[in-house]
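Beneath this line is the structure, given in structure tokens, with notes to follow.
Everything numeric in this text was worked out from a predicted model, so none of it was measured.
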Amino acid sequence: MTLGTMGERACLAWICLLAACGSSGGVTGQDTDSTTTTGTGGPATATAQTMGATESTGLETQGPTTGSESDSGLSSGDLAGECGDGTVQPGEDCDAGGESATCNADCTAAGCGDAVINQAAGEDCDDGRNGDEDDGCTDACRFPACGDGVVQPSEGEECDGVAKNGVCSGDCTLAQWGMPRLLENGGPELIGAPQLATDPSGNAIVVWRSDAGSFAHGVRSQRYDIATDTWGEATQLDAATDSAGIPSIAMDTVGNAIAVWGDTTPGNAPIAAVARRYDVATGTWEPITVILPDGGGFSAFPVAFDAADNATVLVPLPDGSTTDLFAVRRDAATGTWQGSVGLESGDVSVQGSKLAVNASGSAFAVWTSETTPGQSQPRDIFASHYDADADAWGVPVPIEALNPADAFEVSVGIDDNGNAIATWSQRDGVAPAQWNIYTNRYDAVADAWGAPMLLDPDDVGDARFSDLSVSPSGNAIAVWHRQSPLSRDVFARRYDATSDTWARTVLLDSGDGVASTPRVDQNNAGNGIAVWFQFNDAASANEILASHYDPTSDTWGGELVIASENGVDDASPQVEVHPSGTAVASWRRNAAGAGYSAMAAHFQ
């Protein structure tokens with residue numbers, strides 16, 4: 001048969017299409033751009049389209065269907081899938097349509113150590129967790145950073161967090177106590193602890209009582225310059241031909257200082273309270289000034305500055321069988337000592353007075369008052385408040401309430417808002433009587449002391465020698481030692497001004513020696529340092545130890561050794577903490593055959 005007409009050829013094309021599709025019904029769909037077929041179940045029709053100069057008749061041979069169509073209408077690409085389409089296909093761990101916290105961009109499960117950097121999962125890098133923490137990528141898949149708890153020497157870090165042989169600073173450098181410095185050999189009878197003061201810049205002055213024999217004692221000092229990191233030469237403040245008492249020292253905001261002590265002449269003239277001022281501008285000590293004739297004694301007089309560089313001193317004045325207490329103030333504007341003010345007098349004897357002054361000049365004096373000296377009568381704790389605005393001292397008030405229980409060894413601190421805290425040792429009044437540590441707080445708004453509180457409730461032995469540091473913001477740290485049947489240990493407790501609560505008691509020493517007489521100081525940031533001396537069995541001598549309080553973690557660090565030497569007894573430490581967190585400690589050393597010495601060490 002000859003297919004001569006176009007209609008005949010179109011009919012044959014339609015029959016061929018039906019056979020190829022295997023369908024007895026209508027066909028809908030689009031094949032190629034050259035031919036379009038439609039069906040409704042009726043007679044087939046074919047439309048020929050002209051493509052350029054070529055006429056398509058629908059009789060051309062059908063090759064593979066464009067797009068690899070299947071009977072289902074899905075392409076072969078849809079069946080295989082691909083990473084990133086959001087559908088998990090065979091061979092994929094996951095598919096989040098991109099990088100996510102749990103899925104890598106290559107559709108593998110995300111995990112630090114898989115050698116794939118996934119920023120959505122918090123990774124900076126990923127070296128496969130090769131165990132090298134100092135190769136620029138930590139095993140936590142983060143870039144090295146101070147504070148990550150990992151020491152990276154290549155980044156200049158000496159520590160990061162906890163330090164084994166010092167304290168880790170905020171810049172990840174190791175802060176340590178330097179080598180002990182021998183200030184001067186004071187002779188066979190250096191009595192009392194060398195006293196210490198620092199200024200806000202970190203300069204320090206230590207004063208001590210020297211010995212020249214035959215009951216002739218002088219006063220000497222030595223200054224630390226933080227700019228050069230050196231101690232200067234010792235300076236004689238009071239000739240050793242006199243009989244000088246134990247000196248005290250305070251430094252003002254710019255580095256001037258005042259040293260005070262009791263003094264007599266070789267002719268045994270009455271004891272006088274005297275002072276010398278250090279002028280930082282000239283680097284010299286001014287001549288001795290008598291601040292209270294016929295007053296004082298051989299114990300240390302408390303002295304302190306306010307922010308305007310006015311100074312206050314508490315001076316005991318013997319009065320027959322009793323001892324009165326006076327306050328003397330130096331006015332910075334005039335550079336003169338003002339008249340004395342009596343704080344306690346009459347048929348009582350004052351002992352162990354302490355002083356605290358804040359930046360605005362408000363102050364508290366506290367002391368132990370014995371009603372009938374020499375008659376074994378209970379001692380009480382009293383306090384007097386100095387109102388800087390009124391320029392007047394208040395009437396002394398008792399701040400402990402366990403009469404007739406005995407109380408002494410009082411300490412005091414004041415914050416910049418005028419609130420004060422005191423601690424002391426007191427018998428519990430129960431047989432057998434035991435010494436405990438008590439505290440009380442003065443509220444500046446209420447202008448009143450609160451109720452005494454038992455600070456150390458442990459009843460296994462006597463608690464003694466408390467010391468206290470109150471920061472300008474009102475937080476406080478108290479330390480003391482307690483004697484138990486098997487040891488003597490040092491404890492600390494911290495007061496939080498915001499919550500008005502005392503935290504739990506913390507043991508500071510290791511418990512393997514006899515620890516004694518702790519002292520504490522802190523800066524306004526709350527960084528605290530406690531120091532004490534403790535007997536070392538292996539060295540057969542006392543050593544000086546320290547523990548540092550970190551306000552960020554609210555923890556005390558382990559013991560740090562400041563001084564330890566075989567056969568050498570170190571005792572009576574003092575400590576001052578600077579605003580920067582550095583510190584200076586001083587103490588007394590007794591070396592066999594060498595006598596007593598004044599010692600110091602710097603923490604930086």
Side-chain angles (χ1 to χ4, degrees), residues 302 314 325 343-344 348-356 362-371 377-386 393-415 417-471 474-483 491-506 518 520:
L314 298 183
L325 182 64
L343 302 185
E344 182 76 284
V348 297
S349 188
V350 171
Q351 303 170 0
S353 61
K354 296 293 178 62
L355 173 69
S362 293
F364 269 96
V366 294
W367 62 90
T368 299
S369 181
E370 189 172 8
T371 305
Q377 295 295 315
R379 292 165 290 185
D380 300 312
I381 305 297
F382 282 83
S384 178
H385 176 220
Y386 174 76
W393 286 91
V395 176
V397 295
I399 62 174
E400 49 83 21
L402 290 182
N403 294 323
D406 203 10
F408 75 138
E409 296 170 351
V410 62
S411 295
V412 68
I414 184 172
D415 66 23
N417 292 319
N419 304 300
I421 297 177
T423 62
W424 64 91
S425 300
Q426 186 162 9
R427 292 192 185 276
D428 56 17
V430 179
Q434 174 179 291
W435 292 100
N436 292 314
I437 304 299
Y438 282 82
T439 185
N440 200 345
R441 182 176 182 272
Y442 171 84
D443 187 299
V445 175
D447 188 22
W449 287 89
M453 168 188 162
L454 180 62
L455 196 60
D456 181 11
D458 198 340
D459 59 357
V460 297
D462 287 338
R464 297 277 307 275
F465 295 102
S466 66
D467 192 37
L468 178 70
S469 174
V470 177
S471 73
N475 298 316
I477 298 175
V479 294
W480 64 90
H481 77 229
R482 178 176 284 280
Q483 179 74 52
F491 296 90
R493 200 167 177 185
R494 183 176 180 274
Y495 172 80
D496 182 78
T498 303
S499 62
D500 188 24
T501 57
W502 287 89
R504 63 185 178 87
T505 302
V506 178
V520 67

(message) What's the separation between atom CZ in F364 and atom CD1 in I399, rounded to the nearest 0.5 Å?
(response) 9.0 Å

(request) With sequence neighbours left out, write down each residue that passes salt bridge (Lys or Arg N to Asp or Glu O under 4.0 Å) with D447, or none if nothing qualifies. (result) none

(request) Determine the minimum heavy-atom distance between G413 and A356, stating which atoms define it. (result) CA-CB, 3.8 Å

(request) Apply side-chain contact (heavy atoms from CB on, under 4.5 Å) to V350 and list each qualifying residue two or more places apart in sequence or on a separate chain. (result) L325, E344, W367

(message) Using every non-hydrogen atom in the two residues, find where A407 and T368 come nearest and quote the distance to one decimal.
(response) O-CG2, 3.4 Å

(message) Under the rule for salt bridge (Lys or Arg N to Asp or Glu O under 4.0 Å), what residues qualify as partners of R464, not counting sequence neighbours?
(response) E409

(request) Compare all side-chain heavy atoms of W435 with those of F408 and state whether any distance is below 4.5 angstrom. (result) yes

(request) State the CG-OG distance between D467 and S411, to the nearest 0.5 angstrom. (result) 4.5 Å

(request) Could you verify whether a donor N or O on one side chain and an acceptor N or O on the other, from D500 and Y495, lie under 3.5 Å apart? (result) yes

(request) Any chance you could measure R379, atom CZ, to Q351, atom CD, to the nearest 0.5 Å? (result) 5.5 Å

(request) Indicate the atoms forming the closest heavy-atom contact of S369 with F382, along with that distance. (result) CB-CD1, 3.7 Å

(message) Once rounded to the nearest 0.5 Å, what's the spacing between atom OG1 of T439 and atom CD of Q426?
(response) 12.0 Å

(request) Please name the pair of heavy atoms, one in L455 and one in A478, separated by the smallest distance, quoted to 0.1 Å. (result) CD2-CB, 3.7 Å

(message) The criterion is side-chain contact (heavy atoms from CB on, under 4.5 Å); which residues satisfy it with N475, sequence neighbours excluded?
(response) S471, S473, R494, D496, A497

(request) Verify side chain to side chain contact (heavy atoms under 4.5 Å, CB included) between I414 and N419, making sure each step is shown before the conclusion. (result) CA-CA 6 Å; I414 184 172; N419 304 300; over 6 Å; no

(request) Measure the shortest side-chain to side-chain distance between D380 and P398 over non-hydrogen atoms and say whether it is less than 4.5 angstrom. (result) no

(message) Nearest 0.5 angstrom please: E370 CD to D406 CG, how far?
(response) 8.0 Å

(request) Could you tell me which residues satisfy side-chain contact (heavy atoms from CB on, under 4.5 Å) with S466, sequence neighbours excluded, listed by chain and number? (result) T423, I437, W480

(request) Using salt bridge (Lys or Arg N to Asp or Glu O under 4.0 Å) as the criterion, list what pairs up with D443, not counting sequence neighbours. (result) R441

(request) Ignoring hydrogens and angles, tell me if any N or O in the side chain of K354 forms a donor-acceptor pair with the backbone of V412 under 3.5 Å. (result) no

(message) Any heavy-atom pair between the side chains of N440 and W424 that's under 4.5 Å?
(response) yes

(message) Please check: side-chain N/O of S425 versus main-chain N/O of N436, any donor-acceptor pairing under 3.5 Å?
(response) no

